[in-house]
Each structure stands twice: as C-alpha cells, then as structure tokens.
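Read through the structure below, which is laid out as structure tokens, and then see the notes.
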Amino acid sequence: MQQPPDTDPLNPPQRTLMGPGPSEVHPRVLRIMSAPLIGHLDPAFIEIMDEVQELLRYTFQTDNRWTIPVSGTGSASMETAFGNLVEPGDTVLVPTNGYFGGRMESMAERAGGDVVHVDAPWGEPLDPDDVAAAFDEHDPDVFGFVHAETSTGVLQPQVSELTSIAHEHDAYVIADCVTSLGGVELRVDEWDVDVAYSGGQKCLSCPPGASPLTLNDRAMEKVLGRDTDVRSWYLDLSLLEGYWGEERSYHHTAPITNVYALREALQLVAEEGLEARWERHREMATELKEGLEEMGLEMNPDDEFWLPSLNAVRVPDGVDDGKLLAELQEEHALEIASGLGDLEGEILRIGCMGYSARTPNIQFVLSALEEALA
Ligand code: PLP
C-alpha cells in the first residue's frame, strides 16, 4: 500500500502582489470564501447567480442577457468566446501586438478558423487604418483584439472605431478585457463590442476560477445557429444556456466558492462606483509611474497608450531582470514580473490592479525597487 506523503498543513508565504496578476484579494472576498457551500441548484444559489449576472452587466456596462461567469480562468472565458463564435472555415482576424493575440490565434485555429493577422509591433496598439486594410483584404467573419495587453502595458484606444470597421463588414468583434474590466474605462454596449471576456484575478481582485463573459443577441444568434457543434462540450454556450438561462438546469457543478468570491468582488465594484474605480486606478498608477520616472526609469509604451492597470517599464541598462525579480521576492516578499515573448528581458511589468491599487502598495514597490537598483 502506498504511504501518505510527509507533508505539513499548508502555510503559503505572504507576498505583496504587484505583478500582472493575480492581484491581492480584498479581505471581504477572502472572508466570503470560507462561507459554507450550498448546492449549485439550491434556490439560494440561483439567487446568487442572478445577482452575479446583474453585477457583471453593470461592470461591463451592458444590457446583454448573455452575461455569465465561465467556470475556469480567463483562458476559459477566452476559449468560450472563440470556440463558440468561430465555426470551421470562418476567417478570423487577430492582432500580433502582444502575447495574448498569439493565444487568440491558437484558440481560433483549434476551433477550425482560418487565421489572418493585423500587424503592429509589440508595445503599440492596433492602428484602425491597418485594421480597415486587413478587413478589405481578408473580409474576416470574426475579429479579436486585446483591450488591455498585459504583456506590453498597452491600452487599445479607439475601440469604437475598430468595432465600426468590423460591423461595416458584418463581422463579429471579440474583445479581451482580462486586464481592463473593473480597472480601466470599458463600455461594452456604447462601444458596440459583440463579445467581451475577462478574468477575476486582475482588476476585480478575486481569485481566478470564475471568469466574466458577455455576448450580445447578435453574437448569441450566430452561436445558436451554428451548423456544427462547438468542439468543447464543457464550454458550449448552447448547453450552458440551460444552466445560466431561464431553465437553471444542471450542466456542471458550478465552482460555488469562486462564484461567492466573484459576487463579493463585484459588490465592491458597485459600492465604489465604476467611474470612481477607474479614477482610483488612474491616480494610483500615476503615482507609480511618476515615482518610476523620478528614479530614472522609462515607461515602455508612449504615454498616449499607457495602461494604468499594467505598467511596463524598460529594464535599465546593465540590470539583470531575473536577478532583480529574485531579489525583490527574497528581500521584500514582493512580486512584479519580467517581459514575455518579444519583450522578454526588455521590460518589467508592474501591476496596479484592484485591491493592490493603493498608496501603501505603490510606495512599497517604489522603495523596494529603489533599494534593489541602488
Ligand atoms: N488575456 C489576457 C490579456 C491576460 O492577461 C490573461 C492572463 O494573464 C489571459 C488572457 C488568460 O487568463 P488566465 O491566465 O486567467 O487563464
């Protein structure tokens, strides 16, 4: 008989989380996670599901009936979007200006789509003229873009311009809002975004596990009118409709504790007010950015495209980013991150998200960095 491993009760280290996510979880969210479970079809849980949907509509600024948390991390809501909207043979236009455009490409290909690109260097947003040219050349059925690129610290401006171009060509727009929802201005209905998805662990300061997704009726009609089944059973929205729609019938066992956590995190958004929350992120990130610039560090993106929730700063000459991050973790129990993909070794990524977007955290990062770089 196999013997039990010799492990102790779990005692994870305390860290200050100022990287690209997860951000620090609000104490009220942590508290609610120790609440007793109820069944996923219990009327009390159904009421919680309704409230989560209402709170998500507010946070996305949408009236979309189809607004749900997907069970899984941000990649699950991303895969739900691409896996349901993209049918085999559809042409899909995706960006090349960051790491998560690459993930969109893989997901669209796995869904059977033919992928083409709209090019922009890492560290720059998509130019609407390039998007229009790519539409004229390829006439895509689905267009995906990243609103807040966590790998580059770039905020995509002119979202309405992008959605108008797509809609003139009768295409559907999928927006990755993982690092913008609840932290940066986002108006799904006003900007005419067909599908938007996010994660919990960034500006909502919730543990990962239940990931926001919203689709308008037009997008849902495409999903429900598909000629072929969605390749994933688990993420098939036509089946999930039974659980999150009118019927509330069993599809899978919802991650109940994660739904509680998301409910509380969204409640905190509602209490603070969305615009006040966007403003707090901007103010705190400005404090961070000014502090970094005073230390002689240089932000990577142009000010125009600066993303308050993720600050990408250039690694100073002669500094080994790996050693710097290890020192910050060992000496200060502080987490920030290095660059990914094309920007590996070139930037540091400092998050300013949700409950982590507070003056004491910003001051702590600045003083720890100053000491480590001295
Ligand atoms: N999209 C963006 C922009 C992200 O930053 C992330 C995660 O960092 C994801 C998608 C994927 O989310 P997850 O890691 O929660 O699966």
Side-chain angles (χ1 to χ4, degrees), residues 17-25 60 68-83 85 94-108 110-111 120 122-126 143-156 159 162 173-184 186 188 193 195-214 232 234-235 255 258-259 261-262 265 281 300-301 305-312 335-344 347-354 356:
L17 296 179
M18 295 299 286
S23 59
E24 289 181 6
V25 175
F60 272 123
I68 63 169
V70 175
S71 302
T73 67
S75 302
S77 60
M78 187 175 187
E79 193 133 35
T80 307
F82 281 91
L85 258 287
V94 296
T96 55
N97 65 335
Y99 181 86
F100 291 99
R103 191 170 294 186
M104 284 181 170
E105 169 170 16
S106 303
M107 289 185 180
R110 282 166 189 240
W122 283 46
E124 285 181 25
L126 301 180
F143 165 54
F145 74 94
V146 182
H147 182 221
E149 220 339 316
T150 328
S151 65
T152 61
V154 168
L155 180 67
Q156 179 67 46
V159 170
L162 300 183
V173 179
I174 301 178
D176 180 313
C177 302
V178 171
T179 295
S180 55
L181 184 74
V184 177
L186 170 65
V188 166
V193 173
V195 184
Y197 61 82
S198 190
Q201 73 274 22
K202 310 274 184 180
C203 300
L204 298 177
S205 272
C206 189
S211 299
L213 171 76
T214 186
S232 161
Y234 191 60
L235 301 176
N258 287 93
V259 175
L262 185 62
H281 278 78
N300 194 55
F305 316 122
W306 165 62
L307 171 61
S309 48
L310 195 285
N311 295 270
E335 178 173 297
I336 64 168
S338 54
L340 276 178
D342 285 13
L343 292 174
E344 195 180 331
I347 59 167
L348 302 171
R349 293 181 301 143
I350 310 176
C352 181
M353 302 177 182
S356 295

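Not measured: the values here are computed from a predicted model. All ligand and atom numbering here is 1-based and tracks the order in the structure.
- For a heavy-atom separation below 4.0 Å, the residues in contact with ligand 1 are T73, G74, S75, F100, R103, A148, T150, D176, V178, T179, Q201, K202.
- Of the possible polar contacts, one joining the S198 side chain to the C177 backbone as a donor-acceptor pair under 3.5 Å is found.
- When all heavy atoms are compared, the tightest approach of P95 to M104 is CD-SD, 3.8 Å.
- Between the T96 side chain and the A120 main chain, a donor and an acceptor come within less than 3.5 Å of each other.
- A donor-acceptor pair under 3.5 Å is absent between the side-chain atoms of E24 and the main chain of S356, judged by distance alone.
- Minimum interatomic distance between T150 and K202 (heavy atoms only, all atoms of both residues): CG2-NZ, 4.0 Å.
- Residues passing the ring-ring contact (aromatic ring centres under 6.0 Å, His included) test with F145, sequence neighbours excluded: F143.
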